[in-house]
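Throughout, a chain's letter reflects where its sequence line sits, starting with A, and its residues are numbered from 1. Quick caveat: nothing in here was measured; it's all calculated off a predicted structure. Quick note: numbers below take in every heavy atom, side chains included, and nothing from hydrogens, waters or symmetry partners.
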Amino acid sequence: MLHYIPVALERVRGFRDIYPEESEPRKRIFEVSEKAAEVFGFRKIEMPSVEHMDLYRIKSGDELVSQCFTFRDKGGRQITLTPEATPTVVRMLTSRKDISRPVRWYSFQKYWRYEEPQAGRQREFYQFNGDIFGPSSAEVDAEVIGLAAFILNNLGLNGHYRILINDRSIMERVLLENGIKDVTKAFAIIDKFKKTDRDQFFLDLEELGMPKDRVRDFCKMLEQVTPIELSEGVIKNVIHYDDNDSQIQRFLRLSKILPSYSPETFFLDLSTVRGLAYYTGVVFEAFDVDGKFRSILGGGRYDNLAQLYSGQNIPAVGFGMGDAILEMLLKHTGLFGYDKKEQKFYVATPDKTYYPSAVMLATKIRSSAIPAHLNINERNMGMQLKEANKEGATDLIVLGKQEFESNSLTWKKLDSGKQISITYDAFLDLLAKRGIGEVAFPDS
RNA sequence: GCCGGGAUGGGGUAGUGGAUAUCCUUGGGGACUGUGGAUCCCCGGACCCGGGUUCAAUUCCCGGUCCCGGCCCCA
């Protein structure tokens with residue numbers, strides 16, 4: 001007697017089952033992102049699902065460490081499921097000294113975080129990651145940010161999102177000019193600007209040393225979101241610089257390049273600073289235009305991280321993009337579909353005696369990369385027709401006694417109902433000739 | 001880790017301190033042994049778990065679990 005234990009079959013909290021209805025549209029996210037990265041010249045890397053805990057202790061705070069899925073291996077080492085890509089990518093890069101630069105790498109894999117699940121946040125998620133290591137020009141920044149936009153545009157999201165851009169090195173100077181000493185702390189506060197109550201925000205800034213009479217103007221400045229090509233006007237108002245100021249010139253150059261990747265997509269937003277401590281230059285974040293969701297992707301320049309891990313000085317810029325918000329946004333905008341209308345055969349067998357011949361035929365069709373279903377149940381012809389429709393077949397082949405004896409096939413288009421008889425060899429001929437398209441139906 | 005709201009077949013739901021728990025859908029089978037998505041018929045399938053109150057709990061109370069959302073955080 002078999003007993004079943006219902007409790008043991010429950011899904012683990014924060015993890016999700018993905019059925020074909022979801023998995024198929026999701027496939028588009030992966031295909032589009034990876035294809036985009038490849039046409040930009042990025043090459044794919046694959047990373048382990050586990051790392052030594054110490055890899056994250058080096059650069060991250062207790063927060064991240066406390067969110068890790070950790071365990072001890074049989075040798076007592078502390079191991080964790082990877083919570084993010086960057087440390088591993090940097091580890092992989094610095095442990096190989098023979099790789100020529102610039103290095104363009106992308107990856108798209110699973111990560112784990114032990115935190116409370118909520119909208120767009122699970123304990124297991126996929127993240128796309130794209131980075132360029134080596135040169136640190138504005139052109140490199142632009143290429144990475146351009147890739148982010150290219151992916152979203154190719155998913156059909158053009159006009160549904162915008163990418164907010166800022167530069168931390170410039171912001172740092174702005175803050176210093178406004179009397180703030182602890183810049184890191186200020187970044188953390190500004191990062192929450194959009195969520196914080198205005199009066200509280202004023203107090204926080206004053207506490208960090210900003211004179212009372214500056215606070216209001218500073219706030220106004222943070223509220224502005226300006227098309228990136230108009231950056232110069234904004235920057236002139238917030239900081240003193242001359243023509244030899246390389247940081248400023250670099251950012252202005254970036255703002256001239258970006259619109260060529262995608263017009264009306266990029267905006268200067270001084271309140272975008274990102275919470276992470278290790279960003280050193282440009283930072284950026286993509287949001288849906290309605291502001292309904294959390295950020296779709298985020299990244300920036302992190303020139304010091306390789307130094308921290310290995311002593312090597314390797315400038316870097318990159319971004320990460322999770323699957324969850326993207327999926328929510330695609331659903332919201334009606335773009336979460338995958339109706340690839342491709343040809344699909346159903347091979348019906350009124351008489352199971354000839355089933356082996358049907359298999360041979362299906363194998364020929366399948367070898368041409370066209371899906372073919374076989375009638376693997378005991379069913380009468382009526383049921384087989386119904387099943388063919390249900391499975392989304394476009395074409396029906398009948399292979400029974402009549403066909404077998406005359407060395408032919410009955411071929412029916414399911415949308416029009418048109419039906420012909422064709423010799424087996426003629427069909428194979430059409431199959432062999434089909435190029436990229438469908439197997440042509442000889443319309444009389 | 002903290003806060004709020006939930007939980008009835010696979011999905012969506014109705015309802016109840018007591019009797020065979022409602023309806024729709026999905027799924028399986030048939031009407032239909034060589035040709036259509038329809039229709040009709042039949043079948044399967046649920047009160048999250050544990051404790052308490054009660055003669056009696058799916059219903060009321062408490063705890064847990066999970067789900068949804070928020071906080072923290074956002075690499």
Side-chain angles (χ1 to χ4, degrees), chain A residues 5-17 19 21 55-56 58-68 80 82-90 111-123 125 127 129 131 187-188 191-192 195-196 272-279 283 285 293-300 302 305 318-322 324-325 328 346-354 375 377-405 409-419 421:
Chain A
I5 310 155
V7 180
L9 297 177
E10 256 179 23
R11 189 162 27 87
V12 174
R13 177 169 168 77
F15 289 72
R16 102 166 148 135
D17 297 327
Y19 290 90
E21 309 86 272
L55 184 68
Y56 305 97
I58 294 174
K59 88 152 202 190
S60 316
D62 294 341
E63 183 76 34
L64 180 73
V65 170
S66 73
Q67 287 177 356
C68 284
T80 180
T82 53
E84 59 169 312
T86 309
T88 304
V89 179
V90 173
Y111 299 96
W112 298 267
R113 294 259 173 120
Y114 204 140
E115 60 184 331
E116 288 311 303
Q118 51 187 289
R121 182 159 300 183
Q122 295 278 299
R123 289 181 174 177
F125 55 95
Q127 192 166 294
N129 223 261
D131 298 274
F187 279 152
D191 190 46
K192 294 194 193 79
K195 290 190 207 165
T196 316
T272 295
V273 293
R274 315 269 298 146
L276 261 182
Y278 63 67
Y279 286 119
V283 285
E285 213 159 350
F293 305 109
R294 294 167 205 278
S295 76
I296 307 163
L297 58 85
Y302 51 103
L305 205 57
F319 72 96
M321 176 183 76
I325 302 295
M328 284 166 67
Y346 186 100
V347 183
T349 46
D351 184 340
K352 276 280 175 125
T353 311
Y354 306 99
N375 167 38
N377 277 324
E378 284 298 338
R379 286 184 201 279
N380 62 38
M381 278 296 279
M383 296 293 279
Q384 292 188 50
L385 257 297
K386 273 185 192 172
E387 188 176 65
N389 280 312
K390 205 167 65 181
E391 303 275 359
T394 55
D395 297 68
L396 178 84
I397 300 282
V398 183
L399 206 175
K401 189 162 191 272
Q402 294 161 25
E403 288 81 5
F404 187 80
E405 286 173 355
L409 301 169
T410 300
W411 182 4
K412 178 172 189 150
K413 294 302 271 188
L414 286 171
D415 50 354
S416 65
K418 278 187 190 161
Q419 184 172 316
S421 181

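Look at A:R13 and you won't find any side-chain N or O under 4.0 angstrom from OP1 or OP2 of B:rC68. At the phosphate of B:rC73, OP1 or OP2 sits under 4.0 Å from a side-chain N or O atom of A:K192.
Within 4.0 Å (heavy atoms only), A:Q127 reaches no atom of the nucleic acid at all. At the heavy-atom level, A:Y111 lies nowhere under 4.0 Å from the strands shown. Residue contacts for A:G400: at a heavy-atom cut-off of 4.0 Å it reaches a base atom on one of the strands shown. Residue-level contact check: A:E391 touches neither bases nor backbone, having no heavy atom under 4.0 Å from any strand. Contacts of A:G299 with the nucleic acid, taken as non-hydrogen atoms under 4.0 Å apart, are absent. As judged by a 4.0 angstrom heavy-atom cut-off over every strand, A:R274 is placed among residues touching the sugar-phosphate backbone only. Base contact: A:T410 has a heavy atom under 4.0 Å from a base atom. Contact annotation for A:G417: base contact, defined as any heavy-atom pair under 4.0 Å involving a base atom.
Here, B:rG5 and B:rG63 have their P atoms 12 Å apart, quoted to the whole Å. If you take atom C1' in B:rU54 and the same atom in B:rG17, they sit 9 Å apart, rounded to whole Å. Rounded to the nearest Å, the gap between the P atom of B:rU25 and that of B:rC42 is 14 Å. Between the C1' atoms of B:rA57 and B:rC48, the separation comes to 15 Å (whole Å). Of the C1' atoms belonging to B:rA46 and B:rU53, the separation is 26 Å, rounded to the nearest Å. Atom P of B:rU8 sits at a distance of 15 Å from the matching atom of B:rU58, rounded to the whole Å. Comparing B:rA19 with B:rU59, their P atoms sit 13 Å apart, to the nearest whole Å. Atom name P, nucleotides B:rG4 and B:rC74: the rounded distance is 25 Å, in whole Å.
The base-pairing partner of B:rC23, taking Watson-Crick or G-U wobble contacts with both distances under 3.5 Å, is B:rG12. B:rG4: Watson-Crick or G-U partner is B:rC68, with both key distances under 3.5 Å. The partner of B:rA57 cannot be assigned: no Watson-Crick or G-U wobble pair with both contacts below 3.5 Å exists in any strand. For B:rU39, the paired nucleotide is B:rA31, the pair qualifying as Watson-Crick or G-U wobble because both relevant distances are below 3.5 Å.
Below 30°, between 30° and 60°, or above 60°: for A:Y302 and A:Y278 the angle between ring planes is above 60°, a perpendicular geometry.
Side-chain atoms of A:K418 never come within 3.5 Å of backbone atoms of A:W411 as a donor-acceptor pair (strictly under, hydrogens ignored). Remark: the backbone N or O of A:P117 is not paired with any side-chain donor or acceptor of A:R13 at under 3.5 angstrom. Of the possible polar contacts, one joining the A:R123 side chain to the A:E115 backbone as a donor-acceptor pair under 3.5 Å is found.
With hydrogens and angles ignored, no donor-acceptor pair closer than 3.5 Å exists between the side chain of A:K390 and the base of B:rG36. Contact of A:R121 with B:rC74 (side chain to base): a donor-acceptor pair of N or O atoms is detected under 3.5 Å. A:Q384 contributes no side-chain N or O that forms a donor-acceptor pair with the base of B:rU35 under 3.5 Å. A donor-acceptor contact under 3.5 Å is not formed by the side chain of A:E21 with the base of B:rG11.
Residue-to-nucleotide proximity on RNA chain B shows that, of A:D191 and A:V398, the 5′-proximal contact is made by A:V398. Position along RNA chain B of the nearest nucleotide to A:L396 versus A:Y278 favours A:L396 as the more 5'-ward residue.
In the set B:rC67, B:rG34, B:rU33, B:rU33 carries the atom at the smallest distance from any side-chain atom of A:N380.
A salt bridge links A:D395 with A:K413; the closest basic N to acidic carboxylate O contact falls under 4.0 Å.
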Seminar exercise, completed: Letter by letter from the 5' end, nucleotides 3-9 of chain B scores (B base, S sugar-phosphate only, - none; protein heavy atoms under 4.0 Å) -------
For this session: Might you work through the side-chain contact (heavy atoms from CB on, under 4.5 Å) test for A:V90 and A:T88, ending with a clear yes or no?
Result: CA-CA 5 Å; A:V90 173; A:T88 304; over 6 Å; no
